[in-house]
Amino acid sequence: MTASQANPKQIIEGAQLKSVWFPAAGSNPQARLRLFCFHHAGGGASSFRAWPKLLPPSIEVVSCHLPGHENRFREAPVLSIDELVGNIISEIPQFLDIPFAFFGHSFGAVVASI
């Protein structure tokens, strides 16, 4: 099964998760800006775990969880930038209900800029 064939929804602790790609999206009711963060190629979403404590509560930090990394390590990694961006584009619109920005580090900057 490729990452694009994986079901983007899953059940965690009895609650339905909107997206395995962006599991934290929508978790901060105080947010006035949603900051989507994309990590470097060898990293993971946890690269940004301290950011919510460093930013005001009006900014919701939403790390992208890529297949083949961290909690999604059992899934096949995405090997094509086109497939990766296609998956992100299909997932992200549901979270654009408030102003947003993209941040990427290294490889993540490439993803964020496409």
Side-chain angles (χ1 to χ4, degrees):
M1 175 186 300
T2 67
S4 63
Q5 294 169 324
N7 185 346
K9 299 188 186 291
Q10 68 182 164
I11 305 296
I12 293 189
E13 296 178 15
Q16 188 165 10
L17 183 63
K18 290 183 180 181
S19 170
V20 295
W21 290 82
F22 302 102
S27 63
N28 178 359
Q30 298 176 40
R32 299 293 169 257
L33 175 84
R34 190 163 286 137
L35 179 62
F36 292 94
C37 297
F38 300 91
H39 58 78
H40 62 283
S46 64
S47 301
F48 305 103
R49 72 177 166 262
W51 286 32
K53 294 176 185 168
L54 302 172
L55 295 170
S58 60
I59 299 175
E60 180 180 66
V61 176
V62 179
S63 299
C64 184
H65 291 245
L66 297 179
H69 294 255
E70 295 183 330
N71 63 328
R72 296 183 69 188
F73 73 93
R74 286 191 169 100
E75 296 176 47
V78 178
L79 302 178
S80 154
I81 192 77
D82 292 333
E83 181 183 359
L84 176 62
V85 171
N87 282 307
I88 291 168
I89 288 171
S90 69
E91 285 294 305
I92 219 163
Q94 63 184 317
F95 306 117
L96 303 182
D97 56 327
I98 62 174
F100 62 92
F102 296 125
F103 172 83
H105 172 66
S106 191
F107 168 74
V110 173
V111 174
S113 69
I114 294 179

Subject >> Closest heavy-atom pair and its distance - A101, L33 >> reply: N-CD1, 4.2 Å
**OP:** Could you please spell out the steps behind the side chain to side chain contact (heavy atoms under 4.5 Å, CB included) verdict for S47 and H105?
**Re:** CA-CA 10 Å; S47 301; H105 172 66; over 6 Å; no
**OP:** Report the C-alpha distance between F22 and F36 in whole Å, list the side-chain angles of each, state the deciding distance to 0.1 Å, and finish with yes or no for ring pair (Phe, Tyr, Trp, His ring centres under 6.0 Å).
**Re:** CA-CA 8 Å; F22 302 102; F36 292 94; 5.3 Å; yes
**OP:** Mind listing the closest non-hydrogen atom pair of S19 and Q94 along with its distance?
**Re:** CB-NE2, 4.1 Å
**OP:** If a pair satisfies side chain to side chain donor-acceptor pair (under 3.5 Å) and one of its residues is in residues 31-45, list it, with sequence neighbours excluded.
**Re:** R34-E60, R34-D97
**OP:** Check whether L54 and I59 end up in the same hydrophobic cluster, where Ile, Leu, Val, Met, Phe, Trp and Tyr are linked by side-chain heavy atoms less than 4.5 Å apart.
**Re:** no
Subject >> Minimum-distance pair of heavy atoms, taken over all atoms of A112 and G104 >> reply: CB-N, 4.1 Å
Subject >> Atom of C64, atom of A45 and distance for their closest heavy-atom approach >> reply: O-CB, 3.6 Å
Original post:
Going from CZ on F100 to CG on L35, what distance comes out if it is rounded to the nearest 0.5 angstrom?
Top reply: 11.5 Å
Original post:
Closest heavy-atom contact between A41 and H69?
Top reply: O-CE1, 3.0 Å
Original post:
Please walk me through it: do I88 and I114 pass side chain to side chain contact (heavy atoms under 4.5 Å, CB included)?
Top reply: CA-CA 11 Å; I88 291 168; I114 294 179; over 6 Å; no
Original post:
Is there a side-chain contact between N87 and W21 (heavy atoms, below 4.5 Å)?
Top reply: yes
Original post:
Any donor-acceptor pair under 3.5 Å linking the side chain of E70 with the backbone of H65?
Top reply: no
Subject >> Considering all heavy atoms, the nearest C37-V61 contact >> reply: SG-CG1, 3.9 Å
Original post:
Same hydrophobic cluster for F48 and L84, using side-chain heavy-atom links shorter than 4.5 Å among ILVMFWY?
Top reply: no
Subject >> ILVMFWY network linking F102 to V110, side-chain heavy atoms under 4.5 angstrom >> reply: yes
Original post:
Listed by chain and number, what are the side-chain contact (heavy atoms from CB on, under 4.5 Å) partners of P29, not counting sequence neighbours?
Top reply: none
Original post:
Any side-chain heavy-atom pair from V78 and L66 closer than 4.5 angstrom?
Top reply: no
Original post:
Under 6.0 Å between ring centres, would you say that holds for F103 and W51?
Top reply: yes
Subject >> Non-hydrogen side-chain atoms of I81 and F107 separated by less than 4.5 Å >> reply: yes
Original post:
Atom CG of L55 and atom CG of N28: how far apart are they, to the nearest 0.5 Å?
Top reply: 11.0 Å
